[in-house]
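Below: the structure, in structure tokens.
So you know, we letter chains A, B, ... as the sequences are listed, proteins then strands, and number each from 1.
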Protein chains: 2
Amino acid sequence: MATPRSTPSARPYHHGDLRRAIMSAALETIAADGPAALSLRDLARRAGVSHAAPAHHFKDRAGLLTAIAAEGHELLAGALREAEDLREAGVRYVRFAREHPAHFQVMFAPQLLRTGDVELITAQALSDAALRDAVAGVPARDRGVESRLAGVAAWSLAHGFATLLLAHNLDDALGGGEPEEMFREVAATLFRPGAGPDTDTA
Amino acid sequence: MATPRSTPSARPYHHGDLRRAIMSAALETIAADGPAALSLRDLARRAGVSHAAPAHHFKDRAGLLTAIAAEGHELLAGALREAEDLREAGVRYVRFAREHPAHFQVMFAPQLLRTGDVELITAQALSDAALRDAVAGVPARDRGVESRLAGVAAWSLAHGFATLLLAHNLDDALGGGEPEEMFREVAATLFRPGAGPDTDTA
DNA sequence: CTCCCATCTGGTCATTGACAAGTTGCGCGC
DNA sequence: GCGCGCAACTTGTCAATGACCAGATGGGAG
């Protein structure tokens with residue numbers, strides 16, 4: 001923010017924080033129109049630098065998206081760490097998807113990323129661990145319920161809800177209500193003993 | 001070279017079923033490398049036609065993806081209709097995602113589609129109805145459980161599982177087992193009265 | 001003060017999506 | 001059985017883009 005970007009004429013040779021500027025612009029575009037709408041040259045224009053400048057910070061398109069994904073995993077890990085129980089972790093998962101839709105989309109689009117990137121893998125390990133801890137926080141008196149299954153169940157539910165939410169597939173069901181509140185209700189119907197809708201198939 | 005390709009007889013001016021050929025090639029590419037890797041010109045080359053031929057059938061890139069999404073909704077609706085109960089519908093949802101990964105990805109990527117397209121909307125209505133019917137099939141003796149919530153819960157769980165599966169986020173948890181079987185177990189732990197892992201928060 | 005090198009510039013090339021205008025030949029009406 | 005309309009396909013073109021390269025710039029370490 002220390003750069004005189006508000007005065008377009010007096011642009012110094014060195015941007016100051018181009019990496020952050022490019023990332024922020026990218027997040028805006030992705031949140032609005034998806035990763036496919038990203039143009040490195042457009043980001044450069046918006047940051048007021050030459051068309052090749054972004055490459056120095058991110059190498060290429062995949063590099064930029066990988067950096068975003070890594071940042072997303074760190075943010076998600078931080079959010080999950082603050083949750084007190086599994087249900088709250090789920091709520092925070094959904095909230096994360098709402099507040100950081102661009103990060104969220106990119107994090108789970110491995111086709112767009114450099115999956116071997118060290119920073120990405122490190123960050124993924126963070127959010128993975130946070131997820132695992134959240135599941136492990138549930139009293140392990142779940143006789144038949146393997147922790148592995150419980151983890152997949154909880155993750156699937158939160159991830160599916162968040163994904164459908166961002167794709168506007170829950171707009172009807174929401175009817176204007178707060179998504180997090182609805183997720184809380186949904187989780188309550190499933191994760192409460194003796195209250196799940198029975199499939200009747202024994 | 002006016003090679004007859006491998007298809008029967010020399011390649012006539014009229015391809016015969018170019019629309020289907022383009023779609024099939026597109027599905028291959030998307031399944032392998034995602035929608036972002038799609039190139040209309042490459043599809044044309046693979047089909048042995050000129051670079052502008054696809055436009056006549058699909059107008060543009062969004063048109064092709066919209067056609068794929070519509071077909072996907074029809075296929076999904078068909079698959080769900082054959083399910084006998086909600087859990088089986090979930091299994092079929094997951095299986096659909098596995099057998100038609102390209103369709104699945106595109107169906108839930110509204111940013112790539114012409115969301116106003118009539119064929120798409122019609123097909124969406126089909127799969128929506130199939131989903132609703134599957135949920136409605138559950139004995140409505142779910143006092144506290146609104147049908148709306150139960151629907152969102154079931155859809156979220158299946159969709160999240162399928163999405164994470166395709167993004168290779170469940171590879172570890174699966175350990176080589178069949179995804180559908182694991183989903184069946186996951187659903188069993190949640191959708192069986194008194195067996196869900198308790199969050200302990202009242 | 002000087003020089004190193006991260007940062008940024010300008011240029012280039014192949015590829016792509018979209019559009020425009022022309023060509024081919026199937027099949028329908030007569 | 002025959003011409004002709006129209007859908008299917010063609011070639012040509014243009015602006016935009018990602019990636020790469022050599023060079024200019026200037027902040028800061030020594």
Close N/O contacts between protein and nucleotides 13-16 of chain C (under 3.5 Å):
unit_1: dT16(C); atom_1: OP2; unit_2: R45(B); atom_2: NH2; d: 3.2

Report task. Take R46(B) and E28(B) through the test salt bridge (charged side-chain N to carboxylate O under 4.0 Å, His left out) and record every step on the way to the result. Result -> CA-CA 11 Å; R46(B) 287 205 267 157; E28(B) 279 180 34; 3.6 Å; yes
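- Between the CG atom of L43(B) and the P atom of dA18(C) there is a distance of 12 Å, rounded to whole Å.
- When distances run from any side-chain atom of D60(B) to the nucleotides dA18(C), dT7(C), dT10(D), the shortest one goes to dA18(C).
- Contacts of H51(A) with the nucleic acid, taken as non-hydrogen atoms under 4.0 Å apart, include base atoms.
- The two residues D133(B) and R81(B) make their nearest non-hydrogen contact at OD2-NH1, 3.1 Å.
- A sub-4.0 Å separation between OP1 or OP2 of dC19(C) and a side-chain N or O of K59(B) is present.
- For V49(A), counting side-chain heavy atoms from C-beta on, the closest listed nucleotide (dT10(D), dC9(D), dT9(C)) is dT9(C).
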Query - Chi angles and distances behind the salt bridge (charged side-chain N to carboxylate O under 4.0 Å, His left out) call for R98(B), E178(B) - result: CA-CA 11 Å; R98(B) 276 227 300 165; E178(B) 283 294 306; 3.0 Å; yes
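- Residue L64(A) contributes atom CG, which lies 15 Å from atom P of dT17(D) at whole-angstrom precision.
- At most 12 heavy atoms of other shown residues, nucleotides or ligands fall within 6.0 angstrom of atom CZ in R114(A).
- Using a 4.0 Å cut-off, no side-chain N or O of H56(A) falls inside it from OP1 or OP2 of dT9(C).
- Listed nucleotides dC21(D), dC8(C), dA18(C) differ in distance to A52(A); the shortest reach to its side chain belongs to dC21(D).
- A pairwise comparison of heavy atoms in T115(A) and P110(A) identifies CG2-O, 3.8 Å as the closest pair.
- Minimum interatomic distance between L80(B) and S127(B) (heavy atoms only, all atoms of both residues): CD1-O, 4.5 Å.
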